[in-house]
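Remember, it's a predicted structure, so these values are computed and weren't measured experimentally.
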Amino acid sequence: MDERLRRAFDAVRADADLKNKTLDALERRRTRFAPRRRPMAAAFAALALVILTAAGGLAYTTPAAAVSVDADTSVELAVNAFGRVVGVRCYDDTAQALVDATPVLHQDWTQAAAALSDALAEEGVTVTVSADSGHCERLLSDAGSAGLTCYTLDTDDAQAARDAGLSLGKYRAYLALSALDPSVTQDEAGEMTMGELQQCIEACQGHAYGQTAGETTSSGQGSGSGGRHGAGHGHGHE
């Protein structure tokens with residue numbers, strides 16, 4: 001019993017036996033209800049921890065962008081809002097062998113893309129970054145001065161690329177070429193390397209195809225060749 005409460009009871013004029021019984025009743029009431037509050041508080045704390053953990057896990061595994069690396073083969077990386085690779089899509093056996101030899105899952109996307117570009121070790125490696133407008137600037141900031149272009153991710157284009165069996169980077173190159181030469185089919189584009197697609201585009205247009213709607217570049221201006229990267233700096237993969 002709290003000492004202040006006991007002193008207050010001592011000051012009350014009443015039968016000693018009555019005061020003792022009252023004090024005992026108050027003590028029993030206090031001990032009966034106090035333990036119930038602690039488990040309840042602990043339960044709420046545990047529930048809050050579970051909710052926060054689940055929300056954090058969902059945020060980590062949810063893709064917020066796609067980064068495709070295209071050359072003779074294509075690899076596409078699913079990147080979360082934290083810039084980490086959470087998924088990899090390989091478009092042929094060569095790409096799968098490349099990913100097996102160069103693990104990229106859960107790595108920073110810029111490091112993963114650079115590793116894949118180095119593994120390809122050839123000119124004409126193209127890196128295409130696609131994300132919603134809210135993530136483009138952050139992704140380009142992560143890439144530093146790489147000179148990449150980030151395209152606004154269009155869900156229709158993404159689905160069309162999947163249906164065609166093309167990476168987003170290669171599908172965008174196909175769209176650019178078909179706008180210049182409507183006779184080119186998706187199957188024909190799929191059989192070309194990224195370098196061949198770019199050569200066809202340049203031959204049709206007379207120069208590298210420029211910025212299209214929805215692009216954001218790391219320099220804040222349009223960039224040619226669909227975000228084409230210099231040797232040793234390409235990124236991409238899935």
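- Contact between C204 and L177 at its shortest, heavy atoms only, is SG-CD1, 4.1 Å.
- Side-chain contact check for D70 and S167: at least one donor-acceptor pair (N or O, by modelled atom type) lies under 3.5 Å.
- Annotation: side chain to side chain contact (heavy atoms under 4.5 Å, CB included) contacts of Q159 (sequence neighbours excluded): R162, D163.
- Qualifying side chain to side chain contact (heavy atoms under 4.5 Å, CB included) partners for A81, counting only residues two or more places apart in sequence or in other chains: A64, H135.
- Formation of a donor-acceptor pair under 3.5 Å by the N80 side chain with backbone atoms of Y60 is found in this model.
- For the pair E196 and E191, the tightest heavy-atom approach, listed with the atom from each and the gap, is OE1-O, 4.4 Å.
- A donor-acceptor contact closer than 3.5 angstrom links the side chains of S183 and D181.
- No side-chain heavy atom of R84 sits under 4.5 Å from any side-chain heavy atom of W109.
- Applying the 6.0 Å contact sphere to CG of D93 captures no more than 12 heavy atoms from other residues, nucleotides or ligands.
- For T73, the side chain to side chain contact (heavy atoms under 4.5 Å, CB included) criterion is met by D92, T94, A95, L120, not counting sequence neighbours.
- T61 and V86 get closest at one heavy-atom pair: O-CG2, 4.1 Å.
- The closest side-chain heavy-atom distance from L139 to V79 is below 4.5 Å.
- Checked by atom type and distance alone, the side chain of T193 never pairs as donor or acceptor with a backbone atom of D72 at under 3.5 Å.
- Separation of atoms OH (Y151) and CG (L168) is listed at 11.0 Å; rounding is to 0.5 Å.
- Judged by distance alone, the side chain of Q111 and the main-chain N or O of Q107 form no donor-acceptor pair under 3.5 Å.
- A distance of 7.5 Å separates CZ of F82 from CZ of R138, quoted to the nearest 0.5 Å.
- Contact detail for M192 and K170: the closest heavy-atom pair is O-NZ, 2.5 Å.
- Taking both residues in full, the closest heavy atoms of T102 and A115 are given as CG2-CB, 3.7 Å, listed atom of the first, atom of the second, then distance.
- At a threshold of 4.5 Å between non-hydrogen side-chain atoms, the residues R172 and T128 count as touching.
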Go through D157 and Y171 one step at a time and tell me if the side chain to side chain contact (heavy atoms under 4.5 Å, CB included) criterion holds.
CA-CA 8 Å; D157 282 352; Y171 184 73; 4.2 Å; yes
Quick one: do I201 and L180 satisfy side chain to side chain contact (heavy atoms under 4.5 Å, CB included)? Show the steps, please.
CA-CA 7 Å; I201 291 167; L180 299 169; 4.1 Å; yes
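- Pairing each heavy atom of Q198 with each of T126, the nearest pair is NE2-OG1, 2.6 Å.
- If you take CD on Q186 and CG on L166, they are separated by 6.5 Å, rounding to the nearest 0.5 Å.
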